[in-house]
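Note sheet for the following structure.
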Amino acid sequence: MNGNGKKIVLRFPQEVADRPIVCELALRFGLQFNILRASISPHREGIMVMEVIGSREKQEEGLAFLASRGVLVEPLSQDIRMIEERCYHCGACVGLCPTGALFMERPSFLVRYDPGKCIACELCVLGCPARAMEALI
Ligand code: SF4
Ligand code: SF4
C-alpha cells in the first residue's frame, strides 16, 4: 500500500449528510479509507472519523474536494480528556456528545466519560462551561 494514513474528522451539514460523497474519494482520487466511527449529532449533522490512505498529493486533492462540497474537514485530535476536578456534573456535555462517550451515571447523576467511545469531535470542549474537557494535540 502506497502513501500514509491520515486520520480526520468530517462534519457533514444536514443537506449533504445522506449523499455518498465519501465514495468519491476512492472513485475520483484513488484513495482508500477506513471509517473508524460515524454518527449523527443532536443537530442532525453527520460526523465521521476516518483514516484516508494514499499519497499526500491525492489526500490533499480529495479533502479539498470534500470541502468544496460543504464538508468540514479537520485533523483528528490525538486525545480528549476529562479534568475531573473541574467537572461539576451539570450535564451540558451529555446532550452535545454524539456518541454517548459522556453519559450520566444512575443513580448518582454524576457525569462520566468513556474514552473508548469518543470520536474527538470536540463538541464537549467547546460546550463545557467549566473547561473540564480538554483536547490534547
Ligand atoms: S459540561 Fe463540563 S462541567 Fe458540565 S458535566 Fe460536562 S464536563 Fe462536567
Ligand atoms: S469529543 Fe466530547 S462530545 Fe465529541 S465524542 Fe468525545 S466526549 Fe463526545
Side-chain angles (χ1 to χ4, degrees):
M1 191 182 296
N2 291 325
N4 298 315
K6 179 183 170 90
K7 288 186 181 168
I8 52 171
V9 181
L10 303 177
R11 292 174 211 264
F12 300 84
Q14 199 172 1
E15 315 84 78
V16 296
D18 55 353
R19 293 188 211 156
I21 293 177
V22 167
C23 297
E24 303 280 334
L25 292 177
L27 295 172
R28 291 191 186 212
F29 304 100
L31 292 164
Q32 296 180 330
F33 56 87
N34 296 322
I35 295 175
L36 305 174
R37 287 192 191 256
S39 65
I40 303 286
S41 79
H43 309 294
R44 312 302 300 163
E45 176 196 51
I47 299 177
M48 189 180 283
V49 179
M50 66 158 65
E51 183 174 22
V52 184
I53 301 153
S55 70
R56 182 181 285 250
E57 191 179 58
K58 290 292 175 195
Q59 284 181 13
E60 284 175 7
E61 286 176 18
L63 298 185
F65 165 77
L66 292 181
S68 76
R69 294 294 190 274
V71 180
L72 188 63
V73 182
E74 294 171 334
L76 179 66
S77 300
Q78 288 303 305
D79 213 357
I80 299 285
R81 71 165 181 148
M82 175 187 257
I83 305 167
E84 293 190 9
E85 313 82 78
R86 290 190 189 165
C87 173
Y88 57 91
H89 304 279
C90 67
C93 58
V94 174
L96 294 173
C97 179
T99 64
L102 287 159
F103 59 97
M104 193 163 281
E105 189 179 70
R106 305 295 168 99
S108 67
F109 290 92
L110 295 175
V111 172
R112 300 294 185 203
Y113 171 50
D114 177 354
K117 291 187 178 171
C118 177
I119 59 169
C121 70
E122 298 188 22
L123 289 175
C124 59
V125 177
L126 299 172
C128 173
R131 296 178 183 268
M133 300 304 295
E134 189 174 70
L136 307 172
I137 306 293

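Each ligand, and each atom within it, is numbered from 1 in the order the structure gives.
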Show the nearest heavy-atom pair for residues Ala120 and Val9, with the distance to one decimal.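 Smallest heavy-atom distance, with atoms named: O-CG2, 4.2 Å.
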Atom indices of ligand 2 within 4.0 angstrom of [X] heavy atoms, with elements:
X: Cys124; value: 1 (S), 2 (Fe), 3 (S), 7 (S)
X: Thr99; value: 5 (S)
X: Glu122; value: 1 (S), 4 (Fe)
X: Tyr113; value: 7 (S)
X: Leu102; value: 7 (S)

Taking [atom] as the reference point, the nearest protein heavy atom with its distance:
atom: atom 2 (Fe) of ligand 1; result: Cys128 SG, 2.3 Å
atom: atom 6 (Fe) of ligand 1; result: Cys93 SG, 2.3 Å
atom: atom 3 (S) of ligand 1; result: Tyr88 N, 3.6 Å
atom: atom 5 (S) of ligand 2; result: Ile119 N, 3.4 Å
atom: atom 4 (Fe) of ligand 2; result: Cys121 SG, 2.3 Å

For the residue pair Phe65 and Ile21, establish whether any side-chain heavy-atom pair is separated by less than 4.5 Å.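 Yes, at least one pair of side-chain atoms sits under 4.5 Å.
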Hey, are the side chains of Gln59 and Ile8 touching, using non-hydrogen atoms and a 4.5 Å cut-off?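 Side-chain contact under 4.5 Å: no.
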Should Tyr113 and Val125 be counted in the same cluster of Ile, Leu, Val, Met, Phe, Trp and Tyr side chains packed under 4.5 Å apart?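 Yes; Val125 is reachable from Tyr113 via cluster members.
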Spacing of [X] atom [atom1] and [Y] atom [atom2] [to the nearest 0.5 Å]:
X: Gln32; Y: Met50; atom1: CD; atom2: CE; result: 12.5 Å
X: Ile80; Y: Leu102; atom1: CD1; atom2: CG; result: 9.5 Å
X: Met133; Y: Ile83; atom1: CE; atom2: CD1; result: 8.5 Å
X: Thr99; Y: Lys117; atom1: OG1; atom2: NZ; result: 7.5 Å

Are the side chain of Arg11 and the backbone N or O of Cys121 linked by a donor-acceptor pair below 3.5 Å?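 Checking the backbone N and O of Cys121 against the side chain of Arg11, a donor-acceptor pair under 3.5 Å is found.
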Can a donor-acceptor pair be found, under 3.5 Å and without considering hydrogens, that links the side chain of Glu51 to the backbone of Asn34?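 Side chain of Glu51 to backbone of Asn34, a donor-acceptor pair under 3.5 Å: no, none is there.
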Please identify which atoms of ligand 1 are closer than 4.0 Å to at least one heavy atom of [X].
X: Pro129; value: 1 (S)
X: His89; value: 5 (S), 8 (Fe)
X: Val111; value: 5 (S)

Does Leu96 come within less than 4.0 Å of ligand 2, judged by its heavy atoms?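 Under 4.0 Å: no for Leu96.
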Tell me whether Cys118 has at least one N, O or S atom under 2.8 Å from atom 4 (Fe) of ligand 2.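 It does not; every qualifying atom lies at 2.8 Å or beyond.
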Who's closest to atom 8 (Fe) of ligand 2 heavy-atom-wise, of Ala135, Cys97, Ala101?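 Result: the heavy atom closest to atom 8 (Fe) of ligand 2 is in Cys97.
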